[in-house]
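What follows is a single structure, written as structure tokens, with notes after it.
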Amino acid sequence: MPHRRDDVPSCAGSTHVVSLGSGSPTVVVVPGTNVSAALLESFASVLAPTFTVLLLDLPGQPGLSAGHRPRRDRLAWYGRWLADVLAQTVPDTAIVVGHSLGGAITLACDSPRIAGRVLVSTAGLTPLIPGIGVMRATIPWMLGPTPARSTALLRHFFAPGNTPPPHLVEWYTLIARACRTSLAPPVLPRELLAQRANVPRLVVTGQHDVFLPPRRLRGPASRRLGADLTVIPGAGHLVTDEQPQSLAALLSTMSAPAPG
């Protein structure tokens with residue numbers, strides 16, 4: 001796909017940004033743990049015909065941004081980083097899509113350039129609790145990564161019947177060999193979350209999400225953000241890979257002008 005790559009200086013070091021599309025509004029995608037802009041092609045391809053799309057690599061995560069990872073106050077650190085990057089790349093306002101860790105970062109950021117938040121399988125509202133099956137697949141993957149072990153782990157991230165694509169299996173094998181995966185982010189303070197109700201927000205999760213199933217995310221989304229939960233059928237935790245068209249349709253409703 002036609003795109004541009006830039007390295008943007010920020011308070012967290014160099015940030016790799018992939019830009020594509022030329023529509024309006026601007027959509028900024030903040031990925032989750034172990035995900036980079038390189039893995040978001042399927043999602044970006046359905047957004048680019050309508051929006052201007054910016055895909056960010058998180059500092060301290062696998063990708064082409066700076067490798068430094070904060071030792072404490074991680075979400076506050078990332079919130080400042082995102083505000084810095086938005087100030088340099090978004091001329092007016094943008095809808096920010098945050099997935100998993102990226103959702104928590106989006107909530108931690110108080111940038112005035114955020115006109116709306118789409119929080120997909122988001123951390124920050126309630127603890128991410130992996131089941132015993134995920135843990136049984138994670139430990140062998142971390143200790144001795146192979147394509148077969150990466151596939152076994154990724155199957156838990158997808159809805160039943162959906163097969164992890166080969167490029168994702170290759171990526172997870174590579175990062176287990178070359179990187180130290182980070183822990184799940186904490187829940188954000190209630191006072192901070194209450195302040196995030198001042199702009200439109202959508203909270204979305206997959207029907208089969210093993211970390212944040214609908215029954216666990218619905219209550220915190222309502223109590224802490226005043227938001228209804230949208231459940232996407234046929235998706236697990238990696239909604240951006242499994243149901244990119246459904247996410248794009250939700251974005252279109254958020255960006256449409258209000259009646260009257």
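Between the side chain of Ser252 and the backbone N or O of Ala248 there is at least one donor-acceptor pair closer than 3.5 Å. Remark: side-chain polar atoms of Arg196 are paired, donor with acceptor, to backbone N or O of Leu107 under 3.5 angstrom. Listed for the Asn162 side chain is a donor-acceptor partner under 3.5 Å among the backbone atoms of Gly234. With hydrogens and angles disregarded, no donor-acceptor distance shorter than 3.5 Å links the side chain of Arg149 to the backbone of Trp141. A donor-acceptor contact shorter than 3.5 Å links the side chain of Arg201 to the backbone of Val199.
A distance of 6.0 Å or more separates the ring centres of His68 and Trp81.
Between atom OG of residue Ser100 and atom CG of residue Leu212 there is a gap of 7.0 Å, rounded to the nearest 0.5 Å. Annotation: the span from Tyr172 atom OH to Arg177 atom CZ amounts to 15.5 Å, rounded to 0.5 Å.
Ring-plane geometry between His237 and Phe211 is classed as perpendicular, the angle between the planes exceeding 60 degrees on a 0 to 90 degree scale with a lower cut at 30.
For His156, the side-chain contact (heavy atoms from CB on, under 4.5 Å) test picks out Val134, Ala137, with sequence neighbours left out.
Between Pro214 and Gln207, the closest heavy-atom pair is CD-O, 3.7 Å.
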Legend entry - Stepwise side-chain contact (heavy atoms from CB on, under 4.5 Å) test for Ile114 and Cys109: CA-CA 9 Å; Ile114 298 179; Cys109 180; 3.9 Å; yes
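If you chain together hydrophobic residues whose side chains sit under 4.5 Å apart, Leu154 and Met135 never meet in one group.
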